[in-house]
Structures are given as structure tokens and as C-alpha cells.
2 protein chains.
Amino acid sequence: MKEVKPTTIKEIAKKLKISPSTVSRALNDHPSIGLVTTMRVKNMAKELNYEPNQTAIFFKQRKTFTIGVVLPSLSEPFFSSAISEIENVASDHKYTVIMGQSLDDAERELHILKTFKSHRVDGVLMSIGKNTRDFEFITKLKEAGIPIVFFDCVPAIPDVNKVECNLSTGMAEAIDAFVERGHQKIALINGPELLFASAERKNAFVSALSRNKISFDEKYIVHTDLTSKSNEDAMNILCSLADRPSAVISFNDFVTLDIMKCARERGLILNQDIHFISYANYPLWQYMENPPMGSIEQFPGEQGKKAAEILFSILNNKGEALPAAHFVLKSRLIMK
Amino acid sequence: MKEVKPTTIKEIAKKLKISPSTVSRALNDHPSIGLVTTMRVKNMAKELNYEPNQTAIFFKQRKTFTIGVVLPSLSEPFFSSAISEIENVASDHKYTVIMGQSLDDAERELHILKTFKSHRVDGVLMSIGKNTRDFEFITKLKEAGIPIVFFDCVPAIPDVNKVECNLSTGMAEAIDAFVERGHQKIALINGPELLFASAERKNAFVSALSRNKISFDEKYIVHTDLTSKSNEDAMNILCSLADRPSAVISFNDFVTLDIMKCARERGLILNQDIHFISYANYPLWQYMENPPMGSIEQFPGEQGKKAAEILFSILNNKGEALPAAHFVLKSRLIMK
DNA sequence: CTGTTAGCGCCTTCAC
DNA sequence: GTGAAGGCGCTAACAG
């Protein structure tokens with residue numbers, strides 16, 4: 001198979017006996033080029049199967065029409081629905097998406113960003129990993145003129161663009177829903193204590209209880225390191241309490257899957273002896289025979305979409321710096 | 001915030017009073033440059049925070065160290081596990097991944113490929129959409145010297161690189177498993193009749209039955225267009241048969257979810273009155289109370305990984321054309 | 001070992 | 001309205 005080397009502007013020019021600059025202008029619909037010439041050029045381009053060499057254009061224009069997306073993982077449904085939406089928005093804006101998965105490794109994260117930077121991406125979307133502590137890279141990117149918009153897992157730092165989901169609203173709705181149905185002994189299986197996301201859940205939990213005039217009992221909050229073993233341990237602790245809770249809110253769906261299994265094995269009847277609500281990150285309840293009572297949705301797709309839109313509004317406004325955008329979605333309880 | 005414009009090779013050269021080419025060579029560890037010079041250059045590069053401008057390098061080298069991945073959808077777990085593996089392999093090879101989702105739209109697919117081509121990606125990985133009929137693009141890419149490796153959903157065309165999953169092996173195991181457990185009335189809820197993937201399932205179904213000396217009865221094959229409505233219809237047809245099947249193999253997990261629901265609603269006891277096995281595309285059974293008996297795994301992650309490895313072996317062998325690779329994984333029944 | 005020169009494909013002043 | 005010339009940053013002959 002002979003490799004046909006791509007047509008260039010020069011060849012079109014030669015065939016038409018005009019100058020390359022004219023061809024370039026014609027192809028870009030430059031107003032000062034006659035209609036006739038423009039048509040001739042475009043026809044010839046089609047005939048020769050001309051496709052602009054983007055690498056040359058990127059180089060020349062110092063713009064790549066490419067955005068980079070950094071995520072902890074590409075295989076988790078939570079993130080893949082985000083990236084799917086991001087790709088859609090990017091595609092609408094005629095942008096291409098390059099991506100990297102950090103696997104929650106801070107070094108790998110930095111490496112990806114460095115790669116993106118040397119690729120001269122026009123902008124970055126990012127959900128930070130669990131182990132990211134150093135945010136020096138934000139300054140670096142800013143210096144390089146590359147805007148970044150965070151979403152979902154965002155740094156607690158002022159003056160950065162971010163889209164996040166307020167976890168409290170959903171927690172409030174969940175507690176309300178439980179209380180309405182007569183539950184008073186409501187427990188929280190929270191994530192690792194030092195995680196910001198855990199603190200947020202706890203605060204929301206406590207204040208929602210107090211709003212419902214339920215006195216807060218420390219024993220109803222237990223922690224898991226998110227392994228299956230630890231999830232079960234947490235559940236066993238709760239089940240062994242003299243005052244076993246009748247309702248449990250858990251850190252996420254994976255935890256709930258484990259603890260539901262654990263509850264079944266202890267002979268409890270799901271949705272009767274014990275009820276569940278969890279923060280959603282795995283879209284499967286719709287299919288289950290005995291799903292939890294509800295789940296608190298965080299809308300990863302919307303977050304990704306919104307973040308991408310913010311990024312493009314920045315890119316289209318180049319020159320006038322916009323104030324840092326901070327968009328907060330409300331998490332919401334969706335009953336099953 | 002002042003934008004610092006990136007350091008170039010020239011500036012390093014000027015500071016060091018040597019020529020840009022020497023700097024370039026030193027940075028690339030060219031053997032003919034003295035150790036001292038190399039060190040001086042590298043130190044200065046670090047000091048000035050030099051980062052090579054990849055867009056220039058891509059342009060100059062006619063190589064982008066980027067591969068393009070085209071998938072029907074980024075949000076389906078089946079594909080996201082593939083892309084996750086692909087990203088890992090690419091990252092190991094110091095390659096970047098750009099991606100596009102076709103959403104099963106043939107035009108969008110072509111558009112993505114065109115974009116990739118003008119981006120001068122070094123290679124393409126692709127799982128074709130349901131509506132792709134025209135494979136002219138393969139020739140185009142070949143002419144442009146861009147290798148392509150298909151995986152999962154691959155074109156039935158000779159001389160293309162592809163990694164696919166043999167659906168028959170899993171079907172055979174599934175039928176065997178049913179027969180071993182005493183089932184004789186085994187049905188197949190197949191996908192749209194004109195889909196290649198449906199024909200494959202049907203053939204495997206028929207021959208596995210015959211191998212087990214079960215006479216094939218046409219009424220035990222029904223079709224669905226994969227909408228929930230159609231899935232239910234198919235199940236209702238089977239359930240209304242005088243000889244209702246006791247075991248059902250279905251096109252994929254989504255179909256099974258619907259038909260299990262349907263079966264429950266008709267008062268059948270799952271895994272007792274009726275048993276299920278389906279081709280897997282949605283990893284959730286592990287969590288269910290009454291999962292199907294098993295599922296036929298197609299290993300999307302492995303497929304993506306293998307396809308990526310083939311692509312890189314081609315890229316690293318540039319010059320000597322390799323014969324078209326055709327790798328076939330065996331689908332396998334995994335019992336729950 | 002190192003410097004000089006040229007050019008990748010395209011766009012964009014500056015001329016006419 | 002169009003052409004000529006220069007250069008983006010880097011690398012790779014070709015010279016020393």
C-alpha cells in the first residue's frame with residue numbers, strides 16, 4: 001500500500017497558479033478574496049482531498065482546540081458519565097478531548113498535567129484525586145495561560161473555577177424522608193475521617209437531625225475505609241447496638257451494596273427491618289429487586305457539562321479575565 | 001496575573017552562548033555532545049523551567065505520540081473499562097489518548113476519524129457503531145499511513161487488524177451449564193435480526209444445542225430491538241408458550257434486567273421457575289440478591305488492552321508492514 | 001564535538 | 001484582490 005502524502009496548500013496553489021497565501025485566505029473565507037477564486041480554491045481542495053495539517057496550524061496559532069481532562073478513573077461510571085458529557089460539549093465547540101486518569105496518584109496527576117501543558121492544550125478540566133495535597137500546579141497553569149476548571153472533587157482554595165455538588169441538600173432531604181416515615185434512629189456510615197467529603201456529610205447529617213429535633217447520638221456515626229471488609233464491620237457495629245438504627249445513610253453506593261448484603265445475611269428484611277439511602281455513584285438501583293429507599297444524586301454528567309461550559313466561556317473570552325466561577329449544584333434525594 | 005511565555009531552546013542557547021542545535025541535541029542526549037555541555041544545558045533548562053513545545057515537535061517530526069480512540073459511547077461501563085485499559089497502555093508507551101464517541105452515528109464516526117486524521121494521530125483504535133456500513137475510511141487511513149486496530153465491534157472485512165471476542169465459546173458453556181442442571185427447554189432472546197452479533201449468537205446457540213442432542217425448536221428464539229418494551233414483549237411471548245422455557249439466554253444484561261423484572265411480575269420465582277444467563281455488558285450482578293445464574297463475559301478491558309498492544313507493536317515496527325493481526329478472545333461463562 | 005543553514009505547513013504582515 | 005517574504009520552535013542535514 002503506497003502511502004499518499006497529504007496535500008498541502010502549496011500544491012493547491014501550484015495547480016491553480018496562484019500564491020499559497022491566497023489559497024490559505026480562500027480556505028479561511030477571508031473577505032478580501034474574490035468569490036470566484038475562493039470557489040476555485042475550495043473545489044480544487046476537495047478534488048485533491050486536502051485536509052489541513054492541524055499540527056502546523058496548532059504550532060502557528062499557538063492554539064490547539066484541544067482540552068485536557070484529568071480524572072481519578074475512567075472506568076467508574078460516575079466519571080465516565082461526566083466525560084461523556086464533556087466530550088459532547090467539546091465536540092459542539094469543535095474541540096477535541098485528551099484525557100488522563102490519575103488513579104488517585106498525585107504524581108501521576110502532575111505528570112498528566114505536564115503532558116497536557118507541553119501539548120499546549122487550551123484548557124483543562126479536572127477532578128482531583130484523593131491524595132492531592134499540593135496545588136502549586138494551579139499557579140503554573142495560570143502562568144502558562146491555561147485556564148482550569150475543577151469539578152466534583154475540587155480543591156478548597158479561593159479564586160479557582162469550580163463546579164461542585166452541595167452534599168448537604170441531599171442529606172437534608174434524606175433525613176426528612178426518613179423522619180416522615182417515622183424513623184428516629186438514623187445512622188450514618190461515613191467515609192474515612194480525614195476526607196473532606198466525610199466532614200461535609202457529617203455536618204449535614206448533624207444539622208439535618210437537629211432541624212428535625214432529633215438529638216444527635218455519636219454512636220450512630222461509624223466510619224469505613226471503603227473496603228468491603230470495613231463496610232461490613234461498620235454495619236456489624238450498628239447492628240449490634242442495643243438500639244439498632246432502622247435507617248442508614250451511607251457514604252456511597254458501594255458501601256450500601258456491601259451493607260445491604262450484610263443486613264440480609266444477618267436475617268434482616270430489607271426495606272422493612274432496615275432502610276437505606278446512599279450517595280449515588282453507581283447507577284444500578286433501578287434494576288434491583290430490593291433497592292434502597294432512595295439515593296442522593298450528585299449529577300456527575302451535569303457537573304462535567306457545566307464545567308466544560310464554564311471552560312469554553314473562558315476560552316471564548318480570552319483577554320478579559322473573568323472572575324473565578326464557582327457553581328454549586330444541589331445534591332438531591334431521588335426516591336426509588 | 002502576568003502570563004509567562006514559555007522558554008524556548010533559543011533562549012537557553014543565548015544564555016549559554018552556544019547554538020540552538022547544540023541545546024537541542026543536548027536535551028535529547030545526543031551522543032556526540034560533550035558531557036559537560038549536556039549538563040550545562042540541562043541545568044539551564046531546569047533553571048529556566050524549559051518545557052519543550054510539543055506542538056512544534058509534532059509538526060517537525062510528523063509524529064504526535066497521540067492515538068485516537070473511537071467508541072460508540074463513553075458512558076457505558078463496557079466501553080469505559082476498555083478505554084481505561086487503553087489509557088493505561090498508552091500511558092506506558094508515553095502516548096496520549098484523544099477520544100470521540102460516535103453514539104452509533106455513522107456520520108459522526110467519520111467526522112471523528114477525519115478530525116483524528118488532521119490531528120495527525122499516530123494510530124487509531126476503534127469499536128464501530130451499529131450503523132456503520134461503509135468501510136472506505138479504512139483505505140483512507142491506510143493511505144495516510146495511520147494504522148487502525150478494531151476491537152469488540154469489528155468490521156467483517158479481511159486484512160484489518162482486529163481484536164474480538166468469540167461469542168460461541170461462552171454460549172456453548174452456557175448451554176452446557178443449563179443442560180447439566182437438567183434444563184431442556186432453553187430459549188434465546190436475541191437482538192435485531194440483521195445484526196451480525198445476533199447471527200453469531202444464533203449459530204452458536206443452535207450448534208451448542210445439537211451438540212447436547214437437544215432438538216432445536218424455532219419458537220424458542222425470539223427477537224428484541226433492545227428497547228425495554230420490546231424486551232418485555234419478547235419475554236411475554238416465551239412465557240405464553242405452552243412449553244414455557246425454563247432457561248433463557250439473552251442478548252445482553254440490559255435485556256436480562258428487563259426480562260427478569262417481567263418474569264417477577266408474572267409471578268415466576270427467579271432462579272427456580274426460570275433461569276437466566278446473558279452476555280455481559282453491565283457489571284452489576286455481583287451485587288444482586290437474585291442474580292442470573294451466570295453471565296457470558298466478553299472482557300472489554302482485555303480487548304482494549306490487546307488492541308492497544310497490537311497498535312503499539314505496529315507503531316514500533318514502522319517500515320516493515322506486519323500482516324494483519326486478528327486476535328480472538330474466548331467469551332466465557334462466569335457463574336454467580 | 002559544535003555551529004550554520006534550511007525547512008516542516010501554515011498564516012500574516014507588508015507591499016503592490 | 002493578490003503576491004512575496006518571514007517566522008512560529010524545533011531538528012537534521014551539512015559543514016567544519
*Asks:* Take atom NE2 of A:His30 and atom C1' of D:dG3, then tell me their distance rounded to the nearest Å.
*Replies:* 13 Å
*Asks:* Are A:Lys117 and B:Glu51 close enough for a salt bridge, meaning some N to O gap below 4.0 Å?
*Replies:* yes
*Asks:* Between P on C:dT2 and CD1 on B:Ile12, what's the gap in Å once rounded to a whole number?
*Replies:* 16 Å
*Asks:* Could B:Asp159 and B:Lys142 be called an ion pair, given the rule that one side-chain N must be under 4.0 Å from one carboxylate O?
*Replies:* no
*Asks:* Along nucleotides 8-16 of chain D, 5' to 3', which nucleotides get a B, which get an S, and which get a -, given that the test is a protein heavy-atom distance under 4.0 Å?
*Replies:* BBBBBB---
*Asks:* Counting only side-chain N and O atoms of A:Ser32, is one of them less than 4.0 Å from OP1 or OP2 of D:dT2?
*Replies:* no
*Asks:* Kindly state whether the ring of B:Phe58 and the ring of A:His119 have centres lying under 6.0 angstrom apart.
*Replies:* yes
*Asks:* Remember a base hit wins even if backbone is also touched, and classify B:Thr37 as base, sugar-phosphate or nothing at under 4.0 Å, heavy atoms.
*Replies:* sugar-phosphate
*Asks:* Without decimals, in angstroms, what is the distance between A:Ile33 CD1 and C:dT12 P?
*Replies:* 13 Å
*Asks:* Ring centres of B:Phe327 and B:Phe151 under 6.0 Å apart?
*Replies:* no
*Asks:* Rounded to whole angstroms, how far apart are NE2 on B:His119 and P on C:dG9?
*Replies:* 18 Å
*Asks:* What is the minimum heavy-atom distance between B:Tyr50 and B:Pro52, and which atoms define it?
*Replies:* OH-CA, 3.3 Å
*Asks:* If you count every heavy atom of other residues, nucleotides or ligands that lies below 6.0 Å from B:Glu107 atom CD, does the total exceed 12?
*Replies:* no
*Asks:* In whole Å, what is the span from the CE atom of B:Met39 to the C1' atom of C:dT2?
*Replies:* 19 Å
*Asks:* Measure the distance from CD1 on A:Ile18 to P on D:dA4 and round it to the nearest whole Å.
*Replies:* 11 Å
